[in-house]
Amino acid sequence: MSEIKKTKKIKKTDVSITIILLIGILVVLNFFSYKLFLRLDLTKNNIYSISQASKKTVRSLDDIVMIKAYFSKTLPNQLISLKQEVADLLSEYEAYSKGKVRVEFIDPGDDEDVARELMILGIPQLTFEVYEKDKLQLVNGYMGLAVSFADNTEAIPAIKRNTSDLEYQITTAIKKVTTDEIATIGYLATQETSDSETEVSIAYQELAGLYTISQVFLSEEEPEIPVDINTLVIIGPKGEFNEDQLKAINSFMVKGGSLLVLADGVTIGEGLMATKNPTGLETLLAKYGIKINQDLVADERNGLASFTQGFMRFSTNYSFWPKITNEGFNKKNAAVSNLENVIFPWVSSVSVDAGLIDEGQFDNLAFTTEKGWRVTDNFSIDPKSAGIPQGDQKSYAMAVSVNAPLRDAYPESEETRGAFDGRLIVVGDSDFISDNFIRNTPDNLIFFQNLVDLLSFDEDLINIRSKSVTSRPIKADLSDSAKAALRYLNVFGITFIVVIFGVGRYFIRRRSRFVDDI
């Protein structure tokens, strides 16, 4: 009996020593945690920590960047966690900048001087609904950021509850205040392009948040593109380009400008009437070696579309709205490598002339599955008959990027004919970026912004923005039984594993006690 007591006493001593050692280890780790900053993020795109691009940006700062976070104490309780998210994110900027980024949280309160300063910065006072004493009341407050460097200040007027793009906004603001070279984007406003105020206002405003935007008007006689334009964006032209206008675009590119074209080979009118859309722009692109085909591409993987029939409205999967998921994007191109879900409504295929552009000098950015097909004439796009494949089924490219020598389409003479370093992206669709469509498919906006960044800025911002993809669909080629298995594994799998672990631990501890008693 004395031996058993002695054994138990030794075990208690061992437990005490173990606890003391653990406490000592924790104290040491806590001490070093103040010296070293380390954060482990196991999500696929590291959505809960800042990206390498942001770390690189703050590490390369030459001087102090001040970030002032204006949060009112009167904000509703449901926004307290949002303030903590912002604080956690900004603390990473501070840590990785090694003192070059300094953060200050300010409660504007009722200070009129601060309110006046915020009004000048463009940070508005927001109104929130709160329930107090069983009554709905309106409360005013601030929830914005101001990023300052030297005499330059860039504001983030209102922080959204979904902070998935906040890192992009902060890093963009830091880049804007610390550099003197921000690209100017020219938006073509002639040739019946999509209206920037009524048709593509969301995309237009997003670009204006980063770049200087200038509308370009190509006159019929002596057209000219301003010399300060870095990238020319052409969205949905329906009017014809004359030869002088095409020459002006070519001259712009020869001088080093970049070109983004979102053009429809076929336009869709009232009653789903499809007509070919020759504008003359395809003539210029063909001379470079890129062709927007006057066809409509369909795919067995597609998006959900809504239609009206009489007084009824119904939704159905629609083949002429190809849905591009992860495997449908070029993994080697930063603009699309992390995208998961983009839908192209009534898109035309884009092909490359191998005689003018070598295989390694262009990228097919987005393409259908091997079960895609296209319609070239007698367009029957009614949802009732749209799901029937026509002709050979194969993969079709819908967006192409070229960053290589291009042939001068309009040389001054045969003697001066030569090549220039061209930067060009062509997408066979413009509807995907329209206001009505983009509200339901936000990844389309990310795709568009990435294309502009690829031509105008650098790949850093692309990698940050693409972290916040909104959809990760199950692969379409999985069988129904495999999909069901994944569904049940996701719902019950973790619970089952925890139960098995708990039962196992119970029997192990029970066996250990039995051995001790012996």
Side-chain angles (χ1 to χ4, degrees), residues 183-196 200 203-204 207 211-265 267 277-294 348 350-353 356-357 361-362 399-414 416-430 433 448 451-456:
T184 298
I185 308 298
Y187 183 88
L188 187 64
T190 55
Q191 274 57 53
E192 300 178 39
T193 55
S194 299
D195 190 277
S196 61
V200 291
Y204 190 87
L207 288 185
Y211 301 102
T212 301
I213 306 294
S214 177
Q215 293 203 345
V216 175
F217 299 89
L218 282 180
S219 61
E220 292 188 4
E221 297 180 2
E222 298 183 3
E224 188 177 355
I225 298 174
V227 294
D228 63 331
I229 301 295
N230 299 103
T231 299
L232 179 64
V233 177
I234 303 176
I235 301 180
K238 297 178 180 63
E240 289 198 21
F241 292 78
N242 63 33
E243 189 173 34
D244 288 337
Q245 292 168 329
L246 297 179
K247 286 181 178 179
I249 297 174
N250 178 73
S251 176
F252 163 76
M253 292 192 64
V254 170
K255 294 176 182 177
S258 302
L259 179 63
L260 173 60
V261 177
L262 314 181
D264 307 287
T267 57
N277 182 40
T279 64
L281 185 59
E282 64 274 5
T283 303
L284 175 63
L285 297 176
K287 291 184 177 182
Y288 294 145
I290 298 180
K291 183 180 181 181
I292 300 178
N293 299 299
Q294 292 184 326
S348 297
V350 180
S351 54
V352 176
D353 186 342
L356 295 176
I357 303 177
Q361 296 180 329
F362 70 91
V400 172
S401 171
V402 178
N403 186 2
L406 294 176
R407 181 183 178 186
D408 188 348
Y410 295 98
E412 294 181 3
S413 65
E414 288 299 323
T416 59
R417 180 182 293 276
F420 63 93
D421 292 330
R423 291 171 59 84
L424 169 66
I425 295 178
V426 177
V427 182
D429 183 32
S430 66
I433 201 64
F448 171 71
L451 297 184
V452 178
D453 288 348
L454 188 64
L455 294 173
S456 313

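Just so you know, residue 1 is the first one in the sequence shown, and it goes up from there.
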Distance, nearest 0.5 Å, that separates [atom1] of [X] from [atom2] of [Y]:
X: Leu281; Y: Ile292; atom1: CG; atom2: CD1; answer: 6.5 Å
X: Asn403; Y: Ser258; atom1: CG; atom2: OG; answer: 8.0 Å
X: Ile235; Y: Thr193; atom1: CD1; atom2: OG1; answer: 8.0 Å
X: Phe241; Y: Gln191; atom1: CZ; atom2: CD; answer: 4.5 Å
X: Leu218; Y: Ile249; atom1: CG; atom2: CD1; answer: 5.5 Å
X: Leu259; Y: Ile425; atom1: CG; atom2: CD1; answer: 9.5 Å

Any donor-acceptor N/O pair, Arg407 side chain to Phe420 backbone, under 3.5 Å: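 No, Arg407 side chain to Phe420 backbone: no donor-acceptor pair under 3.5 Å.
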Asp264 versus Ser430, side-chain donor and acceptor atoms under 3.5 Å: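 Judged by distance alone, the side chains do pair up.
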Between Gln245 and Glu240: side-chain donor-acceptor atoms closer than 3.5 Å: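 No, no side-chain donor-acceptor pair sits under 3.5 Å.
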Which heavy atom of [X] sits nearest a heavy atom of [Y], and at what distance?
X: Gln361; Y: Ala404; answer: CB-CB, 3.4 Å
X: Leu406; Y: Gly422; answer: CD1-CA, 3.8 Å
X: Glu243; Y: Tyr410; answer: OE2-CE2, 3.7 Å

Taking C-beta and beyond as the side chain, do [X] and [Y] meet within less than 4.5 Å on heavy atoms?
X: Val452; Y: Ile185; value: yes
X: Ser348; Y: Gln294; value: no
X: Leu188; Y: Pro237; value: no

Partner set under side-chain contact (heavy atoms from CB on, under 4.5 Å) for Ala399, not counting sequence neighbours: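 Listed in chain order: Leu365, Ala366, Val427, Phe447.
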Only pairs under 3.5 Å count here: list side-chain donor-acceptor contacts from residues 219-233, not counting sequence neighbours, and write none if there are none.
unit_1, atom_1, unit_2, atom_2, d
Ser219, OG, Glu221, O, 2.7
Asn230, OD1, Thr184, N, 2.7
Thr231, OG1, Ser456, OG, 2.7

For Gln215, side chain to side chain donor-acceptor pair (under 3.5 Å) partners two or more places apart: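 Gln215 satisfies side chain to side chain donor-acceptor pair (under 3.5 Å) with Ser196 once adjacent residues are dropped.
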Please table the atom pairs, donor to acceptor, closer than 3.5 Å between any side-chain atom in residues 282-290 and protein atoms at least two apart or in another chain.
unit_1, atom_1, unit_2, atom_2, d
Glu282, OE1, Thr279, N, 3.2
Glu282, OE1, Thr279, OG1, 3.3
Glu282, OE1, Gly280, N, 3.2
Glu282, OE2, Thr279, N, 3.3
Glu282, OE2, Gly280, N, 3.3
Thr283, OG1, Gly280, O, 3.4
Tyr288, OH, Asn250, OD1, 2.7

Residues that Tyr187 engages under ring-ring contact (aromatic ring centres under 6.0 Å, His included), provided they are two or more places apart: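 Per chain and number, Tyr187 pairs via ring-ring contact (aromatic ring centres under 6.0 Å, His included) with Tyr204.
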Phe252: ring-ring contact (aromatic ring centres under 6.0 Å, His included) partners, not counting sequence neighbours: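 Checked Phe252 against ring-ring contact (aromatic ring centres under 6.0 Å, His included); zero matches.
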Check against side chain to side chain contact (heavy atoms under 4.5 Å, CB included), Met253 and Leu424: CA-CA 9 Å; Met253 292 192 64; Leu424 169 66; 4.1 Å; yes
